[in-house]
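So you know, we letter chains A, B, ... as the sequences are listed, proteins then strands, and number each from 1.
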There are 2 protein chains.
Amino acid sequence: MIDKNSPIPIYYQLEEKIKTQIDQGELQPGDMLPSEREYASQYAISRMTVRQAITKLVNDGYVYRKKGTGTFVSAKKIDQPLQGLTSFTEDMKARGMVATNRLIHFKVISPPLSVTKALNIDSSTPVYEIQRVRLADGLPMALETTYISKHLIPNITEKLLEQSLYDYVENSLGKEIGEGTQIIESSTVNQNEITHLNVKKGSPVLLIERHTYLKDGTPLELVKSSYRADRYRFMINMQR
Amino acid sequence: MIDKNSPIPIYYQLEEKIKTQIDQGELQPGDMLPSEREYASQYAISRMTVRQAITKLVNDGYVYRKKGTGTFVSAKKIDQPLQGLTSFTEDMKARGMVATNRLIHFKVISPPLSVTKALNIDSSTPVYEIQRVRLADGLPMALETTYISKHLIPNITEKLLEQSLYDYVENSLGKEIGEGTQIIESSTVNQNEITHLNVKKGSPVLLIERHTYLKDGTPLELVKSSYRADRYRFMINMQR
DNA sequence: GAGTGGTCTAGACCACCCC
DNA sequence: GGGTGGTCTAGACCACTCC
């Protein structure tokens with residue numbers, strides 16, 4: 001079950017194995033896992049390696065430890081919120097919908113103050129301003145404006161915008177996306193949103209402002225979105 | 001600097017030490033940390049112990065690792081969002097405000113279906129229903145309704161509600177709070193909210209539904225809140 | 001080639017929990 | 001007292017980066 005000669009790390013093999021057992025119900029919520037020493041002797045590996053696997057499962061909320069007692073499978077949650085930072089395309093896919101775009105404008109601008117602060121650049125740095133209607137299964141879901149420094153990604157084309165930008169940054173440019181900070185507010189639609197989202201005056205929208213950073217802390221993008229409140233809700237999981 | 005005889009774990013001492021150096025600017029964003037082997041020899045501790053400290057800093061976003069190169073201090077974020085699951089009282093304190101309550105009603109009910117599902121109980125289990133206006137610096141911030149199984153916390157009193165419930169659960173009952181799932185939506189106020197939040201008809205509100213769980217996965221509470229959009233915004237940080 | 005983080009070992013002692 | 005997780009050691013080899 002564990003291949004010591006595989007290039008896949010042992011701790012990762014064990015982690016996936018236990019995760020599968022939980023997903024398939026072999027290990028039920030509340031069940032105690034074999035002890036760390038049992039895993040170690042069963043697979044003839046070190047206990048520290050077992051701990052490395054289990055620590056990741058603890059961090060991901062699959063199991064929890066009780067000092068002096070054992071490690072147990074956590075109870076399943078009703079709704080499984082999205083894990084981690086995702087693009088609109090990835091988010092919709094996770095919800096079982098297909099994401100498409102309608103480009104409203106795509107230009108290079110001299111950034112206003114709010115954008116220079118967010119991207120940590122000065123006002124002489126050219127910035128892409130990309131405004132799109134984001135659709136899910138063909139219906140307008142959000143109006144989104146993205147700001148990215150042209151120096152960071154010199155070759156954005158309209159063609160490129162049809163794919164996932166995160167995918168391009170990570171797999172074609174080889175830059176690693178680290179984290180994102182999101183500010184979530186409630187508001188009612190403005191005239192621009194009424195037009196593009198096809199809703200009535202006074203309708204509520206969820207405003208999400210996202211600041212995305214690369215692993216080294218460089219700001220990647222600033223995204224301001226207005227989501228239709230009747231079609232979208234945001235779900236997150238937080239650890240105490 | 002590192003006290004090996006202290007009951008405080010060595011990895012934690014080192015973690016706090018590095019964190020302090022970052023906070024105080026001794027280690028600037030982009031700076032490379034001493035290598036793991038350097039820390040180990042400097043403090044005469046094992047490299048695995050150093051790794052344990054640094055791994056926590058990586059998970060908390062203070063530093064990042066680059067394979068074959070080194071460990072570096074992450075860039076500072078503009079806004080520092082709230083870390084982890086917090087109560088309203090704790091949340092307001094972090095924002096530099098003082099939280100108070102205005103109790104609207106406090107009763108034991110036979111729970112409706114939505115509550116039984118969230119708390120994983122049946123309809124014969126008595127449940128507290130606590131509705132409060134939450135104030136920050138004396139101004140209405142949110143209208144909040146909390147549902148908790150009476151079996152889980154048998155002795156809730158009006159007096160108790162003036163303190164932090166999380167604090168009571170953790171420190172007086174000795175139950176450990178694990179995580180919470182939050183569903184965030186945008187809406188406009190209903191009549192009840194107009195009255196208690198003192199806002200105009202048509203005003204936007206941020207609806208937050210929180211499901212809180214103990215470490216063993218037992219549902220602790222279901223909280224439905226309506227926050228005044230002009231006074232509250234929600235901020236989170238997500239890892240890729 | 002020298003230095004870095006990534007993985008792994010085979011032990012050890014401790015505090016804690018349950019019987 | 002026996003089992004559990006929590007912490008820690010003193011090494012080891014690997015892949016990777018940079019020069």
Side-chain angles (χ1 to χ4, degrees), chain A residues 1-18 27 30-74 174-176 178 215-216, chain B residues 1-18 27 30-59 61-74 174-176 178 214-216:
Chain A
M1 288 295 189
I2 298 276
D3 180 1
K4 287 202 184 192
N5 297 318
S6 163
I8 300 164
I10 294 172
Y11 78 88
Y12 186 75
Q13 292 183 46
L14 180 57
E15 183 193 336
E16 289 301 310
K17 187 180 165 54
I18 298 173
L27 285 168
D31 282 1
M32 189 173 122
L33 266 65
S35 76
E36 296 172 354
R37 287 168 182 82
E38 267 179 68
Y39 276 124
S41 77
Q42 184 186 342
Y43 297 113
I45 57 179
S46 161
R47 189 181 150 215
M48 285 301 279
T49 304
V50 176
R51 277 188 70 77
Q52 199 175 350
I54 293 180
T55 297
K56 286 201 67 184
L57 293 173
V58 170
N59 289 339
D60 292 349
Y62 285 92
V63 302
Y64 62 98
R65 290 187 171 118
K66 275 179 87 168
K67 245 180 290 195
T69 312
T71 304
F72 301 84
V73 180
S74 301
K175 295 179 192 286
E176 282 185 283
K215 275 217 171 148
D216 65 2
Chain B
M1 289 298 188
I2 298 277
D3 181 1
K4 287 202 183 189
N5 296 318
S6 162
I8 301 164
I10 294 172
Y11 78 89
Y12 186 76
Q13 291 184 48
L14 180 57
E15 183 193 337
E16 289 301 310
K17 186 180 165 55
I18 298 172
L27 286 168
D31 283 1
M32 191 174 120
L33 267 64
S35 76
E36 296 172 355
R37 286 168 182 83
E38 268 178 68
Y39 275 125
S41 76
Q42 184 185 343
Y43 297 112
I45 56 179
S46 161
R47 190 181 149 215
M48 284 301 279
T49 304
V50 175
R51 277 189 69 78
Q52 199 175 350
I54 294 180
T55 297
K56 286 201 67 183
L57 293 172
V58 170
N59 289 339
Y62 286 93
V63 302
Y64 62 98
R65 290 186 171 118
K66 273 180 87 168
K67 245 181 290 194
T69 310
T71 304
F72 301 84
V73 179
S74 301
K175 295 178 192 287
E176 282 186 284
L214 299 178
K215 275 215 171 150
D216 65 2

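Rounded to an integer number of Å, the gap from Phe72(B) CZ to dG5(C) C1' is 11 Å. For the pair Arg37(B) CZ and dG3(C) P, the interatomic distance rounds to 10 Å; values are reported in whole Å. The distance between atom CG of Leu33(B) and atom P of dG3(C), rounded to the nearest whole Å, is 18 Å. Across the protein-nucleic acid pair, Glu38(B) atom CD and dG5(C) atom C1' stand 13 Å apart, rounded to whole Å.
Contact annotation: the side chain of Tyr62(A) never approaches that of Ile18(A) to less than 4.5 Å [non-hydrogen atoms, C-beta and beyond]. Side-chain atoms of Glu38(B) and Val50(B), non-hydrogen and from C-beta on, never get closer than 4.5 Å to each other. Residues Arg65(B) and Ile54(B) form a side-chain contact, since some pair of their non-hydrogen atoms from C-beta on lies under 4.5 Å apart.
Toward the 5' end of DNA chain C, the nearer of the two residues Thr69(B) and Lys67(A), judged by each one's closest nucleotide, is Thr69(B). Heavy-atom distances to DNA chain C give each of Ile45(A) and Ile54(B) a nearest nucleotide, and the one nearer the 5′ end belongs to Ile54(B).
OP1 and OP2 of dG3(C) both lie 4.0 Å or more from every side-chain N or O belonging to Ser35(B).
Protein chain B touches strand DNA chain D; the 5'-most and 3'-most nucleotides with an atom under 4.0 angstrom of its non-hydrogen atoms are dT7(D) to dT17(D).
Ile10(A) comes within 4.0 angstrom of sugar-phosphate atoms only, judged by non-hydrogen atoms across all strands, and of no base.
In this structure, the side chain of Ser6(A) does not engage the main chain of Lys4(A) through any donor-acceptor pair within 3.5 Å. Side-chain atoms of Thr71(A) do not come within 3.5 Å of backbone N or O of Leu33(A) as any donor-acceptor pair.
Annotation: side-chain hydrogen bond (donor to acceptor under 3.5 Å, both in side chains) contacts involving residues 43-54 of chain B, sequence neighbours excluded, comprise Glu36(B)-Arg47(B), Glu36(B)-Arg51(B).
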